[in-house]
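Chain naming here is simple, since letters A, B, ... match the order of the sequence lines and numbering starts at 1 in each.
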4 protein chains.
Amino acid sequence: MSAQRAGKRDDVRGAIFKAAVELFAHKGYFATTIRDIVDKAGVTQPMVYYYFGNKEQLFVSCIKEVHNNLEERLEEIDAGKSFDKFIGRYISATGKMYNEFPEALLLMVHFIHSPEEYPRFPEMGKIISNPIKRVRDALRKAKRRGEIKAGIDENTLGIALFGALEMAASLSHVSKHVKIPHDIKSKDPDKHIKKIFLRSILK
Amino acid sequence: MSAQRAGKRDDVRGAIFKAAVELFAHKGYFATTIRDIVDKAGVTQPMVYYYFGNKEQLFVSCIKEVHNNLEERLEEIDAGKSFDKFIGRYISATGKMYNEFPEALLLMVHFIHSPEEYPRFPEMGKIISNPIKRVRDALRKAKRRGEIKAGIDENTLGIALFGALEMAASLSHVSKHVKIPHDIKSKDPDKHIKKIFLRSILK
Amino acid sequence: MSAQRAGKRDDVRGAIFKAAVELFAHKGYFATTIRDIVDKAGVTQPMVYYYFGNKEQLFVSCIKEVHNNLEERLEEIDAGKSFDKFIGRYISATGKMYNEFPEALLLMVHFIHSPEEYPRFPEMGKIISNPIKRVRDALRKAKRRGEIKAGIDENTLGIALFGALEMAASLSHVSKHVKIPHDIKSKDPDKHIKKIFLRSILK
Amino acid sequence: MSAQRAGKRDDVRGAIFKAAVELFAHKGYFATTIRDIVDKAGVTQPMVYYYFGNKEQLFVSCIKEVHNNLEERLEEIDAGKSFDKFIGRYISATGKMYNEFPEALLLMVHFIHSPEEYPRFPEMGKIISNPIKRVRDALRKAKRRGEIKAGIDENTLGIALFGALEMAASLSHVSKHVKIPHDIKSKDPDKHIKKIFLRSILK
DNA sequence: AATGAATGAGATTTCATTCAT
DNA sequence: GATGAATGAAATCTCATTCAT
């Protein structure tokens, strides 16, 4: 019985959470109303306040989930072997996340680009800086191993790679909603992005 | 006297427009209220409706302005000489715009990443695709001139470059508002981005 | 306890409805504001939207109520015995309604005379045509029974009777608000209207 | 030149007036905005205030015009010959007005049924009572001439006739906007109304 | 006689949130 | 845990009217 209850508890909480992530991701924080969320989740309004306190805290929960999800994936990547392998895995890890959890990208992007618009919370900076840090650190190690050409700024590389991947993923999402000229779309952009960056970096 | 009148007219319209661009850019469409705008502009609410019709049309006006501004800058770049020079100018044109008109970036990014959230208008797709197209076309010409290594997908390059520059500019904006770890910031990212891409592409 | 709750629910909904019917009837749809209604009903504004959706749907609810009320009364009249009796009951049914529910008349009249001004709903035509139809059908039956003089157009009779009764009722309402010359008022107009019409029709 | 100016003056004033009558008639006082009127008239907003003072006075002007128009037509009818002829002319006079100036009916009806909704003005009562008075007076004269059956209340007759004609005219207007069942419409209702009333009254 | 621009007040509607049960 | 009902505050937008020229 208590298991059943716990199960039910998770049902409602989980349904709210799922709906919230999707809606925040697609419409942004302000365009998403509590009613949108509860309608999608099939629950009543006060349940949001019961489980999450208020809209702001619900949003922060969503962002943290995305963050943790990405962190977990990135943590699994061994940065120590070769930069070639690292970057392949990095790209496929982010790509996988965007595939399995497409809202993640949008949520992060919303968040990154409009910090003023969103509720603040302590770990906020990390969400932005962690993925960049990973690339930077892997690059540093590779430098020490002598794999890397001279003259590459590590942080810029992290930022540029992150930005390139994000833009490619965003565009494939956007093109579902906005008419993008046919001849602008790229097939398998991740593969090409990997090639561009590796060529530039590796000796 | 008539100049004064015209001046006054432009004062009100212009003040609304200026305030709107800044606010939409920093807070997004939904988080920005008409009251925010008129308070910032120092005018009365109905003036927004008098000059722009409604909130949506005001937003579209802002987006169009950004679009035209970017297009003008990109149009001036001669794509025909060398890809090296082209990309330098492309980067400095976008960078300049982000410097002189920092809201442009945010507005575009808001818009690109949340097409569902924002009012649509016909030229919407172009805002996204035009900058990418410019890079692609310049790259094609350079290929014909034999400047370019084999195996580069033109569209992906446009996307990746656009994304890298945008993320770098965003981060420098974001870091004004969110505590980003000091050691993640890159100095003069545009210069490094240029290097990364050129190295990868040029023979 | 549950009765109390149900009671309260009906209190608010009912109070809004009652106030709305009165105000729509006396001032018309556009001159009546939601604030008028909630002030009269002693409830808060959002309750209107909670229970009725919006102003238009509230109005439609009111009109439907009037329609149903009149239909119920007309349905009880047996059209089959004699036209004399039918018309007496028809007149007293409408008169009774205007007495017990004086707003009904005004609401119908508002509605009938300004179809463009008011929100449409599917049964709109019926409100206008049903009472006329009843008279027409009763007249047809009476014709078959040989009660009726030749040369009477059935539909016109329905319209004329409806119009005459409505104008009489309206005037007695209007004279409460506008100074009508004393010598124009008729005492017991329904009785006289009945006489006028029966004399004209019956053999 | 002054004639030309006067002509122009009348142009603007007249255009406003014409537009106002049509709009007030079709949409009612409150649903009609000054903008509606000036848009339809092709003039600017302040012109309304220049020529008519304000919305209320503009409306009163419209009502008075309708009133005068009807009065003129009714005045021409000689009430003294036979009631048969009088009623024929009365019906054709009102019918003609509704044909030539269809807004007149709606304006009067709006006004009659919702005195609370509209601006008051001194002659207001007359607009309602005058047509009824005419019928009553003609009936009295006819009584003295011995044309009329006993037992007819003069005021009620005026009211009933007025109401019947008005409802018939309204319905033919309404049926342009609301789907009225085909079999409810009457052809040439005025002729039949005349018959109904005369049969009832004349010896 | 005419206009473009401006405004205060108020209209409808929505939102995040809470209360009583 | 869960709900229907309720609310204060604020959002977008419109309206009749006036000012300066």
Could you give the [atom1]-to-[atom2] distance, from [X] to [N], as a whole number of Å?
{"X": "A:Asn54", "N": "F:dA9", "atom1": "CG", "atom2": "P", "answer": "18 Å"}
{"X": "B:Lys55", "N": "E:dT12", "atom1": "NZ", "atom2": "P", "answer": "21 Å"}
{"X": "D:Gln45", "N": "E:dA6", "atom1": "CD", "atom2": "P", "answer": "15 Å"}
{"X": "D:Met47", "N": "F:dT18", "atom1": "CE", "atom2": "P", "answer": "14 Å"}
{"X": "A:Ile16", "N": "F:dG1", "atom1": "CD1", "atom2": "P", "answer": "12 Å"}
{"X": "B:Phe24", "N": "F:dT12", "atom1": "CZ", "atom2": "P", "answer": "9 Å"}

How about [X] and [Y]: do any of their side-chain heavy atoms sit closer than 4.5 Å?
{"X": "A:Phe17", "Y": "A:Glu65", "answer": "yes"}
{"X": "D:Met47", "Y": "D:Thr44", "answer": "yes"}
{"X": "A:Lys27", "Y": "B:Phe30", "answer": "no"}

Measuring to OP1 and OP2 of F:dA5, would you say a side-chain N or O of C:Tyr50 lies under 4.0 angstrom away? yes
Given [options], the nucleotide with the shortest approach to the side chain of [X]:
{"X": "C:Tyr49", "options": "F:dT18, E:dT13, E:dT17", "value": "E:dT13"}
{"X": "D:Ile34", "options": "F:dT18, E:dA1, F:dT17", "value": "F:dT17"}
{"X": "A:Pro46", "options": "F:dA16, F:dT3, E:dA6", "value": "F:dT3"}

Quick check on DNA chain F: between B:Thr32 and C:Val43, whose nearest nucleotide comes earlier from the 5' end? C:Val43
Fit a plane to each ring of C:Phe59 and C:Tyr29, take the angle between them on a 0 to 90° scale, and name the class: parallel (under 30°), tilted (30 to 60°) or perpendicular (over 60°). perpendicular
Taking for each residue the nucleotide of DNA chain E bearing the nearest heavy atom, is the 5' side occupied by B:Thr44 or by A:Gly53? B:Thr44
Applying a 3.5 Å limit to both distances, which nucleotide forms a Watson-Crick or G-U wobble pair with E:dT21? F:dA2
